[in-house]
*Asks:* 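Here it is: the structure, laid out below.
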Amino acid sequence: MMSDNIQTVTVLSKTTWTPNLFSFTVSRPDSFKFTAGQFVRLGVNPSRLKYYQQQDEELAALDEDIFRAYSIVSSPFDEVLEFFSIVIPDGAFTSQLQHLEVGDELLLNTMPFGFLTLARYQKPLPKDLWLLATGTGLAPFLSMLQDLKTWNDYEHIVLAYSARSVEELAYIELIERLQADFGSLVDNPAKLIFIPIVTREPVDGALTERLPKLLLDGTLQERAGIALDVDSTHVMLCGNPEMVEDTKEALKTLGLVMNRRGEGNIAVENYW
C-alpha cells in the first residue's frame with residue numbers, strides 16, 4: 001500500500017551532460033512545498049519505464065519501487081521540479097534512472113528533508129555566502145540562487161564548483177545568467193562571484209586544485225576577492241563525502257566553526 005506522502009509525477013524533459021551525468025524535470029504536485037536547499041526521496045519502478053517495457057523478460061525481477069534522496073535544482077517557486085543525477089553503473093537506482101524517457105512516471109515522497117537551508121543561520125547575520133560544491137552537490141545551491149531572498153539577504157555570494165573535467169561542469173549557462181535573471185529583480189542585490197574548478201585537466205579561467213587546498217593556501221579567497229571571516233561568513237558544503245569532510249576540516253583550521261542551533265559558519269549536508 002502506498003503512503004499518503006507518495007505521489008506519481010511525470011518526466012517532462014531530460015538533459016544528458018556526459019555519459020555519467022544527466023538532469024531531468026518532472027511535474028510538480030500542486031500541494032508540494034519545499035525550501036531551497038532541501039532534498040526529497042524519488043522513487044523509480046523499472047518495470048514501469050518505457051525502456052524496460054520493451055524487454056519483457058527482465059520485468060519480473062525489476063518490479064519494485066526503489067527510492068533515493070535527491071536535492072532539488074529548481075526554485076521553490078518553479079512550476080516543475082528539476083533534479084541532477086550521476087549514473088552509478090551498479091547502483092540499484094541510478095542504473096535504472098539513466099533510462100528515463102519523457103512521459104515516464106516516477107514516485108515522489110512529498111515530505112521534504114534536510115537542513116542545508118539559509119534559514120538555519122541566525123548568527124552571524126548574513127553578509128558573505130560561500131557555496132562550495134562538487135558534482136551533483138551543485139543542485140541545492142542552484143535552488144538557493146533561484147530564490148530572490150538569497151540575493152536580497154547577502155552582499156556577496158561565492159559559488160565555487162569543482163568537477164574532474166570541463167564537460168562535467170554542468171549548468172554553466174544557467175549560472176552565467178543568474179545575476180541578470182534573479183539579481184536584477186532585487187533593489188540592492190548580492191554580487192555573484194563564480195569560481196569554476198577542474199581538477200583533472202587544465203582549463204582557461206578555472207582553478208585546478210581540490211577545494212581544501214585552495215582554501216588553506218588562500219587561492220580561493222584571493223580569486224573571490226573576499227576573506228573568510230568568522231563574524232560575517234556563511235559557508236555551505238555539498239558534494240562527495242570526502243570533499244565535504246576535508247573541506248570542513250580546512251575551514252575549521254582557518255578559524256570558522258560549525259553551525260549548531262543556528263549559530264556558526266559552516267553547514268553541510270550528508271545524504272549519500
Side-chain angles (χ1 to χ4, degrees), residues 13-18 20-25 36-39 70-78 80-86 116-118 126 128-186 189-211 214-215 219-226 234-240 243-244 247 267 269:
S13 69
K14 181 179 176 184
T15 302
T16 300
W17 303 101
T18 72
N20 292 318
L21 285 174
F22 66 98
S23 301
F24 58 98
T25 61
Q38 286 190 307
F39 62 91
Y70 268 80
S71 289
I72 304 168
V73 171
S74 36
S75 158
F77 307 100
D78 278 351
V80 302
L81 298 175
E82 183 163 355
F83 301 95
F84 184 21
S85 182
I86 188 169
L116 194 73
T117 64
L118 295 176
D128 299 328
L129 175 63
W130 293 68
L131 304 173
L132 310 182
T134 55
T136 56
L138 177 71
F141 301 151
L142 290 178
S143 184
M144 292 173 195
L145 290 169
Q146 294 178 88
D147 187 338
L148 294 183
K149 183 169 170 48
T150 309
W151 294 88
N152 203 41
D153 285 357
Y154 288 90
E155 291 181 24
H156 301 96
I157 302 169
V158 179
L159 174 61
Y161 174 27
S162 178
R164 293 174 302 180
S165 67
V166 70
E167 287 79 18
E168 290 184 358
L169 283 175
Y171 287 103
I172 293 299
E173 290 183 4
L174 171 63
I175 292 167
E176 290 174 343
R177 293 198 315 268
L178 287 169
Q179 185 86 48
D181 288 357
F182 293 90
S184 65
L185 301 177
V186 172
K191 179 187 178 187
L192 177 64
I193 301 151
F194 173 50
I195 304 175
I197 303 163
V198 179
T199 57
R200 296 196 182 172
E201 62 182 10
V203 176
D204 283 349
L207 300 178
T208 58
E209 302 285 354
R210 292 180 68 241
L211 278 162
L214 293 171
L215 286 163
T219 302
L220 199 67
Q221 300 90 307
E222 185 180 346
R223 173 68 71 93
I226 301 170
H234 296 172
V235 190
M236 291 187 150
L237 311 177
C238 194
N240 73 69
M243 178 285 281
V244 170
T247 305
E269 188 74 86

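Positions are given from 1, in the same order as the sequence printed here. It should be emphasised that the depicted structure is a prediction, and the values quoted were computed from it without experimental measurement.
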*Asks:* Between Asp78 and Val80, is there a donor-acceptor pair closer than 3.5 Å when you use the side chain of the first and the backbone of the second?
*Replies:* no
*Asks:* Measure the spacing between CD of Glu155 and CD1 of Ile226 and express it to the nearest 0.5 Å.
*Replies:*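 So the CD of Glu155 and the CD1 of Ile226 are separated by 9.0 Å.
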*Asks:* Within the side chain of Gln38, is there an N or O that forms a donor-acceptor pair under 3.5 Å with the backbone of Ser71?
*Replies:* no
*Asks:* Contact between Arg223 and Leu207 at the side-chain level, heavy atoms closer than 4.5 Å - yes or no?
*Replies:* yes
*Asks:* Could you tell me which non-hydrogen atom of Val166 sits nearest to which non-hydrogen atom of Val198, and how far apart they are?
*Replies:* N-CG1, 3.8 Å
*Asks:* For Thr219, check side chain to side chain donor-acceptor pair (under 3.5 Å) against everything at least two apart and list the hits.
*Replies:*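 So Thr219 forms a side chain to side chain donor-acceptor pair (under 3.5 Å) with Asp217.
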*Asks:* So, do Ile195 and Tyr161 sit near enough that their side-chain heavy atoms are less than 4.5 Å apart?
*Replies:*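 The answer is no; the side chains never approach within 4.5 Å.
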*Asks:* Going through the distances and angles, do Ile72 and Phe83 end up as a side-chain contact (heavy atoms from CB on, under 4.5 Å)?
*Replies:* CA-CA 5 Å; Ile72 304 168; Phe83 301 95; 3.8 Å; yes
*Asks:* Would you indicate whether the side-chain heavy atoms of Leu214 and Arg210 approach each other to under 4.5 Å?
*Replies:* no
*Asks:* How long is the straight-line distance from CG of Leu132 back to CG of Leu159, given to the nearest 0.5 Å?
*Replies:*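 Between atom CG of Leu159 and atom CG of Leu132 there are 8.5 Å.
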*Asks:* So do the side chains of Cys238 and Leu116 get within less than 4.5 Å of each other, counting heavy atoms only?
*Replies:* yes
*Asks:* Looking at Ser74, is its backbone amide N or carbonyl O close enough to the side chain of Ser143 to form a donor-acceptor pair, meaning the two atoms are under 3.5 Å apart?
*Replies:*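 Yes, the answer is positive, given that a donor and an acceptor are paired below the 3.5 Å cut-off.
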*Asks:* May I have all residue pairs that pass salt bridge (charged side-chain N to carboxylate O under 4.0 Å, His left out) and include part of residues 159-171, sequence neighbours excluded?
*Replies:*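 Qualifying pairs: Arg164-Glu168.
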*Asks:* Are Thr150 and Leu118 packed together at the side-chain level, in the sense that at least one heavy-atom pair is separated by less than 4.5 angstrom?
*Replies:* yes
*Asks:* Main chain of Thr18, side chain of Thr16: is a donor-acceptor contact present, judged purely on distance under 3.5 Å?
*Replies:* no
*Asks:* Distance from Thr199 atom OG1 to Glu209 atom CD, nearest 0.5 Å?
*Replies:*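 Between Thr199 OG1 and Glu209 CD, I get 9.5 Å after rounding to 0.5 Å.
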*Asks:* Is a side-chain donor or acceptor of Gln179 paired with a backbone partner of Leu192 at a separation under 3.5 angstrom?
*Replies:* yes
*Asks:* Nearest 0.5 Å please: distance from the OG atom of Ser85 over to the CG atom of Leu21.
*Replies:* 8.0 Å
*Asks:* So, does Glu201 use its side chain to make a donor-acceptor pair with the main chain of Thr208 at under 3.5 Å?
*Replies:*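 Pair absent, no side-chain N/O of Glu201 close to backbone of Thr208.
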*Asks:* Decide yes or no for Trp130 and Leu237: does some side-chain heavy atom of the first lie under 4.5 Å from some side-chain heavy atom of the second?
*Replies:*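 Counting from C-beta outward, Trp130 and Leu237 never come under 4.5 Å.
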*Asks:* On the 0 to 90° scale, with breaks at 30° and 60°, tag the Tyr70-Phe24 ring pair as parallel, tilted or perpendicular.
*Replies:* perpendicular
*Asks:* With a 4.5 Å limit on heavy-atom distance, are the side chains of Thr15 and Thr25 in contact?
*Replies:*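 No, side chains not in contact.
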*Asks:* Search all heavy atoms of Trp151 against all heavy atoms of Leu178 and return the closest pair with its distance.
*Replies:* CZ2-O, 3.7 Å
*Asks:* Looking only at heavy atoms, what is the nearest atom pair of Leu131 and Met144, with distance?
*Replies:* CD2-SD, 4.2 Å
*Asks:* Between Phe182 and Leu148, which heavy-atom pair has the shortest distance, and what is it?
*Replies:*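 Residues Phe182 and Leu148, closest heavy atoms: O-CD2, 3.4 Å.
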*Asks:* Rounded to the nearest 0.5 Å, what's the gap from CG on Leu142 to CG on Leu145? Could you check?
*Replies:*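 Between atom CG of Leu142 and atom CG of Leu145 there are 6.5 Å.
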*Asks:* Please enumerate all residues that pass side chain to side chain donor-acceptor pair (under 3.5 Å) together with Ser23, with sequence neighbours excluded.
*Replies:*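 Testing Ser23 for side chain to side chain donor-acceptor pair (under 3.5 Å), a comparison that skips the adjacent residues, returns Trp17, Tyr171.
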*Asks:* Any non-hydrogen side-chain atom of Met243 less than 4.5 Å from a side-chain atom of Leu211?
*Replies:* yes
*Asks:* Give me the atom names and distance for the closest heavy-atom approach of Asp147 to Ala36.
*Replies:*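 So the minimum-distance heavy-atom pair works out to OD2-CB, 4.2 Å.
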*Asks:* Show your reasoning for whether side chain to side chain donor-acceptor pair (under 3.5 Å) applies to Ser162 and Thr134.
*Replies:* CA-CA 5 Å; Ser162 178; Thr134 55; over 6 Å; no
*Asks:* Nearest heavy-atom pair of Tyr154 and His234: which atoms, and what distance?
*Replies:*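 Looking at all heavy atoms of both residues, the shortest contact is OH-ND1, 2.7 Å.
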